[in-house]
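Got a structure for you, questions after.
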Amino acid sequence: MSDRTSQRALTARGKSSEVGRGTETPASWGLGEGQQIPWEYAPAPESREIVQLKSRYGLFVGGKEIAPRSGQWFTSLDPATEEPLAEVARAGVEDVNHAVGVARRAFKREWGDLPGRERAKYLFRIARILQERSREFAVLESLDGGKPIKESRDVDVPLAAAHFWYYAGWADKLEYAFPARDPRPLGVAAQVIPWNFPLLMLAWKIAPALAAGNTVVLKPASSTPLSALLFADVCRQADLPPGVVNIITGPGEIGLALIKHPDVDKVAFTGSTVVGKTIGKAIAGSDKALTLELGGKAANIVLDDAPMEQAIEGVVNGIFFNQGEVCCAGSRLFVQESIAEPFVERLKDRLSTLRVGDPLDKNTDVGAINNAAQLAKIEELLEAGQAEGAEMYQPACDLPVRGYFVRPTLFTNVSQSSRIAQEEIFGPVLSVLTFRTPAEAIEKANNTPYGLSAGVWTEKGSRILNMVSKLRAGVVWANTFNRFDPTSPFGGYKESGFGREGGLHGLLAYLDLRDGH
Ligand code: NDP
């Protein structure tokens, strides 16, 4: 056990400032003033032995790992320690041209005409291998991305496999999915994904593309390339024909060169609204199909009849899952005024039990922020919130000395127009606002340029139906939050993008539907 690990374990005691979690225990624990909780979490670090990191990763093109023609490399860091993990190829434009050419040939010569039942076999194989290697993927995802191991293990990796299972099932049934429409693949798909769910976003993009008969060139985010490069190994293990999946790593400009390439038929992007707009402009006027899944500023609305404990857990999950680095995070909490005070008190109690620290510890709730730039952005918005007059609450807890960490944060006294209520913070920061009537909640919730997701907490079905029909968001959860399923379409509107991923809708984005009859 390292010193840092043991120190973090001790912090669970809510004991003294020497070990750090703070001197006060939450009132809901039923302890008298000054009493300390009588137990502590043992450290539970997941072993990283299962991941065999190479010192260098090339590009994955044509079924093999190749050195970049650019001759350049960059380093991927562990955000929890700031230590380098591996060197990764920095593709140049010539590498993009090569990868797209390879994907085009694979589409023409083999994959585009392969019967659906044959494509399905490969997708089933990939799903099975992801499950078999799930621990390896979970550890790597936490190492490279900073997310708690319990989330990569229980959410990211199982959901990624589930997407391959689900779309494998559709591969030989496209004509039943879209009857009388003669569904055909589009061709080569260029896919650019972000760093918050690297493997899961890869699965959201690659599984439907392959099921529909397209080939793929995918660019992961520069701060989290490693799980995509491990996925390249899964493709080899599954004997996927060379060139069907190609993975190129490099900076944003390479993503732009990729999506603009004239031989690309379909562009799928998940990331910031700013880059989404750049991409929209860059390919406007071309005949490329486009789906954009962008940012969000979701409202999580708690009505006065909501079951309090359940709603508290839902609010915590809504904003602190994956350190709040989630496009659909419930970053604006709207609580009905009549219950606001006790609700916020309970919420603060609950925040003080969150364990911040080593992403590989199985007891960690809030891991590392993904990269230094993101941490700086969060810190800047924390300052902006205070400068604009909001009250900031952070539970007492020590943060690890190295790495990109921030305390779970809650702001009260937030005005509708303040930056922390309007901008996507993409961190563990919750802005609390209040309302008197459901109509006021809806109006305030819709007062955002985004429209990705929302949540409603109430005991009455009629209130749910009323609010769901009026909230301008692509996904609305009722008495739950951040619930994902491959069969269910996900996407937004307004500045949150367009197009849907998941379900049959997700297939549509990769098909050319002609009139068959
Ligand atoms: P970006 O949108 O910049 O990055 C997402 C992906 O796009 C990455 O693969 C990135 O590559 C690539 N990219 C960057 N610039 C371009 C470009 N001009 N053309 C094509 N591809 C490009 O997100 P950031 O990582 O910079 O995060 C900034 C903010 O975006 C966050 O603070 C958050 O608010 C939001 N965000 C939203 C996400 C969502 O799911 N809605 C996900 C991630 C971020 P590279 O990594 O090499 O730069």
Side-chain angles (χ1 to χ4, degrees), residues 72 74-77 79 88-93 96 144-147 190-198 200-202 204-205 217-228 247-261 264 267-283 288 290-298 321-329 331 369-381 404 406 419-420 422-429 449-453 474-475 482 484 490-492 494-499 501:
Q72 294 184 354
F74 67 96
T75 304
S76 190
L77 297 181
V88 177
R90 188 189 195 279
V93 173
V96 171
D144 203 24
K147 60 176 67 202
Q191 306 180 321
V192 178
I193 58 171
W195 40 258
N196 52 344
F197 292 92
L200 186 57
M201 289 303 105
L202 172 152
W204 279 28
K205 300 268 179 294
V217 182
L218 176 132
K219 190 199 96 63
S222 294
S223 59
T224 53
L226 298 182
S227 56
I247 294 169
I248 58 168
T249 45
E253 66 203 57
I254 283 309
L256 195 58
L258 172 62
I259 61 111
K260 280 166 68 177
H261 194 288
V264 159
V267 173
F269 172 76
T270 298
S272 63
T273 298
V274 175
V275 173
K277 285 180 182 174
T278 306
I279 288 177
K281 280 185 204 147
I283 63 168
K288 297 179 201 294
L290 174 64
T291 41
L292 294 174
E293 202 263 273
L294 310 175
K297 192 73 188 173
F321 172 63
N322 203 40
Q323 297 74 243
E325 297 166 323
V326 184
C327 49
C328 52
S331 50
I369 299 301
N370 180 267
N371 56 74
Q374 186 59 29
L375 180 61
K377 178 182 166 183
I378 295 169
E379 285 171 344
E380 195 246 317
L381 279 157
Y404 311 134
V406 65
R419 286 184 66 197
I420 54 170
Q422 289 294 324
E423 293 180 27
E424 183 180 49
I425 301 176
F426 226 62
V429 184
Y450 295 107
L452 190 56
S453 65
V475 180
N482 277 339
F484 303 100
F490 180 90
K494 298 200 283 183
E495 298 229 340
S496 294
F498 50 79
E501 293 181 293

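Order of listing sets the numbers, starting from 1, for every ligand and every atom in it. By convention here, the first residue in the shown sequence is residue 1.
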Could you pull out all residues at least two apart from Glu423 that satisfy side chain to side chain contact (heavy atoms under 4.5 Å, CB included)?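 Here the qualifying residues are Leu381, Arg419.
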Do Phe197 and Trp204 have their ring centres less than 6.0 Å from each other?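 No, they do not, as the ring centres are separated by 6.0 Å or more.
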So, using side chain to side chain contact (heavy atoms under 4.5 Å, CB included) as the criterion, who are the partners of Ser331 when residues are at least two apart?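 Ser331 satisfies side chain to side chain contact (heavy atoms under 4.5 Å, CB included) with Lys297, Ile319 once adjacent residues are dropped.
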Rounded to the nearest 0.5 Å, what's the gap from OH on Tyr404 to CD1 on Ile378? Could you check?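 Tyr404 OH to Ile378 CD1: 12.5 Å, rounded to 0.5 Å.
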Taking Lys147 first and then Glu325, would you say they form a salt bridge - that is, a charged N and a carboxylate O separated by under 4.0 Å?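 Answer for the salt bridge query: no.
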Tell me, which residues have any heavy atom less than 4.0 Å from some atom of ligand 1?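 Residues within 4.0 Å of ligand 1: Val192, Ile193, Pro194, Trp195, Asn196, Lys219, Pro220, Ala221, Ser222, Gly250, Pro251, Gly252, Gly255, Leu256, Phe269, Thr270, Gly271, Ser272, Val275, Ile279, Leu294, Gly295, Cys327, Gln374, Lys377, Glu424, Phe426.
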For Lys288, side chain to side chain contact (heavy atoms under 4.5 Å, CB included) partners two or more places apart: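 Counting only residues at least two positions away or on another chain, Lys288 forms a side chain to side chain contact (heavy atoms under 4.5 Å, CB included) with Val264, Val267, Ile283, Ser286.
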